[in-house]
2 protein chains.
Amino acid sequence: MSSLRNRAIDASALDQEAVCKTCWAKSFSFCKPLHAADMGGFFSAAASLKVNPGTVFIHDGAKFPFYFNITRGATRSFKILPDGRRQILNFGVPGTLIGFSDRSIFDFSVESINEVSLCRFTKDKVDFYANKHPELRKSLLDKMMAELSESYAHTLVLGKMSARERLAFFLMKQNKTQFKVYGELNKINLPMNRYDISDYLGITTETVSRTFTQFENEGIITFIKASEIIVRDRRRLGALAGGGTRSPAIG
Amino acid sequence: MSSLRNRAIDASALDQEAVCKTCWAKSFSFCKPLHAADMGGFFSAAASLKVNPGTVFIHDGAKFPFYFNITRGATRSFKILPDGRRQILNFGVPGTLIGFSDRSIFDFSVESINEVSLCRFTKDKVDFYANKHPELRKSLLDKMMAELSESYAHTLVLGKMSARERLAFFLMKQNKTQFKVYGELNKINLPMNRYDISDYLGITTETVSRTFTQFENEGIITFIKASEIIVRDRRRLGALAGGGTRSPAIG
DNA sequence: CGACTAATTGATACGAATCAAAAGCGGTGG
DNA sequence: CCACCGCTTTTGATTCGTATCAATTAGTCG
């Protein structure tokens, strides 16, 4: 797990308000409702950060009174058992809000997969504005509900599904988010490696690999390269993924 | 799955304010902070309900603009796959708040295990008071955070742990909540049956049963009866449960 | 006390893990 | 530009934990 080594976080002090105005991730970020209102005061309190690939920027057990909104790149959140076994809880994409935790203490870690850009907000500041703006409060709650709901879907996958079903679920989910964030319809990009996928799905890399091969042989998907997939038969993929997520209809 | 059949919900219109004043579950319920203030208006908006054993009182996919606070008994929340496989997401005990969901639509079902008493609050009413009382808002958020946090712990268990570890985790968790709610130190009560435990842990009843027997043979636990356990060696049980939950130290 | 359901125990099968090796891929330097 | 090295991914052989199938025992209720 060499990727767990820590690297520096590059913070650049830019004109945050201008950054927010042109932020391409705002339409699916928690701060969306504030862009309509004249909320320069809120945005100037934010800070833009860049994180190098493979950097753990939130540590399990640490006190951390910030929210992070991802604007570019991808992250993995995970828990680790004393003997090193790792479970990935979810992957973050642009629009993902990180920071829901009890008493500001995280009970999982978050690591960048590739180069990640994010906005940092102090919780106090967010709370302050949330108290004044019901829409922001609702937006935050929605993000949190969605996270809880996704966690429950994940629970179902890990508790009841076979390797084939798990991978199908993962691909459908990935397909859905990539459509939402990047507008890709049938192309699935996999910024994470096979270990990440296996640690997310509770199986091994070998099983992930074998199952990918099966899917390709069955004409369900085609590989452009190891990290890029074309969905050929969404119906069958969706059927395999079962009720894991509420019907992942796209478009 | 005969237990999924629906039975009537008995609603009794009592003097709610009096009920709340003497509610034994209030010290660990979301409404706790309001008991200090003079909040008769809030409590009179609540309704006390009783639910017969084995009743699904919240249905996956249903619109349901209420919160339920459990005051007596136990519940199971679950998701079901099209082919009938069931995953239990969590068990509810007195103090558990049910109702966090996206746009008031539940994406899981909730069923009573034994006779359950609960308080029903309309979400509008709760929101109204939450806007005026930061402590109530915080209390609600805390419940939600705890639910998310527990779901993540559950994810780790289902994704990475062996049958022995899963059952140990379950027992430690059960032990911890029963201490908090009922003050029992080494006695664990199991209101749920073996199917529930297996569907919560992602294993089969047979495996649950075999593992229980192992634990008893190893001197870790003793059975009073099938639904009542004495913990003999919490150290070993905790070690097995690993980092599944943040150190389950009691007392 | 008998009938039904829940829980336990036993025998076998199977899916995925593990162990092992080969192939693919990306970067570096001669 | 190609050869080499390390890392990731794929493929193969075998093992192992848990599921499944089957039967017995315990517990509960009329």
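Quick note on labels: first sequence line is chain A, next is B, and so on, each numbered from 1. Fair warning: this is a prediction, and the values are worked out from it, not measured in the lab. These values consider heavy atoms only, across backbone and side chains, with no hydrogens, waters or symmetry-generated copies.
Here the nucleotide nearest the side chain of B/Thr204, chosen from C/dA20, D/dT20, C/dA7, is D/dT20. Listed nucleotides: C/dA7, D/dT20, D/dT11. Nearest to the side chain of B/Glu206: D/dT20. Residue B/Arg194 has its side chain nearest to C/dT8 when only C/dT18, C/dT8, D/dC21 are considered.
Toward the 5' end of DNA chain C, the nearer of the two residues A/Lys225 and A/Ile203, judged by each one's closest nucleotide, is A/Ile203. Each of B/Ala163 and A/Phe223 has a nearest nucleotide on DNA chain D; the 5'-most of these lies closest to A/Phe223.
Distance, B/Leu190 CG to D/dG27 C1': 15 Å, rounded to whole Å. C/dC25 atom P lies 13 Å from atom CD1 of A/Ile224, rounded to whole Å. Regarding B/Leu158, its CG atom lies at a distance of 16 Å from the C1' atom of D/dG17, rounded to whole Å. Rounded to a whole Å, the CG atom of B/Asn217 is 12 Å from the C1' atom of C/dT8. Rounded to a whole Å, the CG atom of A/Asn193 is 11 Å from the C1' atom of D/dC7. Here the C1' atom of nucleotide C/dA16 and the CD atom of A/Gln214 are 11 Å apart, to the nearest Å.
Taking 4.0 angstrom as the limit, A/Ser209 places none of its side-chain polar atoms (N or O) nearer than this to OP1 or OP2 of D/dT11. For A/Thr207 and C/dG15, the shortest distance from a side-chain N or O to OP1 or OP2 is not below 4.0 Å. When the side-chain nitrogen and oxygen atoms of A/Thr205 are compared with OP1 and OP2 of D/dT9, none of them lie within a distance under 4.0 Å.
Salt bridge annotation for A/Arg85-B/Glu165: present, with a cationic side-chain nitrogen under 4.0 angstrom from a carboxylate oxygen.
In the interface, the side chain of B/Arg164 is not paired with the base of D/dG17 through any donor and acceptor atom under 3.5 Å apart. With hydrogens and angles left out, the side chain of A/Arg210 and the base of C/dG15 share no donor-acceptor pair within 3.5 Å.
Counting only N and O atoms by type, the side chains of B/Tyr152 and B/Glu147 include no donor and acceptor under 3.5 Å apart.
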Item to complete: Would you check, one step at a time, whether the test salt bridge (charged side-chain N to carboxylate O under 4.0 Å, His left out) holds for B/Glu115 with B/Arg72?
Response: CA-CA 8 Å; B/Glu115 188 177 274; B/Arg72 285 187 68 149; over 6 Å; no
Item to complete: Might you work through the ring-ring contact (aromatic ring centres under 6.0 Å, His included) test for B/Phe68 and B/Phe57, ending with a clear yes or no?
Response: CA-CA 10 Å; B/Phe68 277 147; B/Phe57 60 95; 5.5 Å; yes
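Residue A/Ser162 is classed as a sugar-phosphate contact, given heavy-atom separations below 4.0 Å to backbone atoms only.
In this structure, B/His59 has its ring center at least 6.0 angstrom away from the ring center of B/Phe64.
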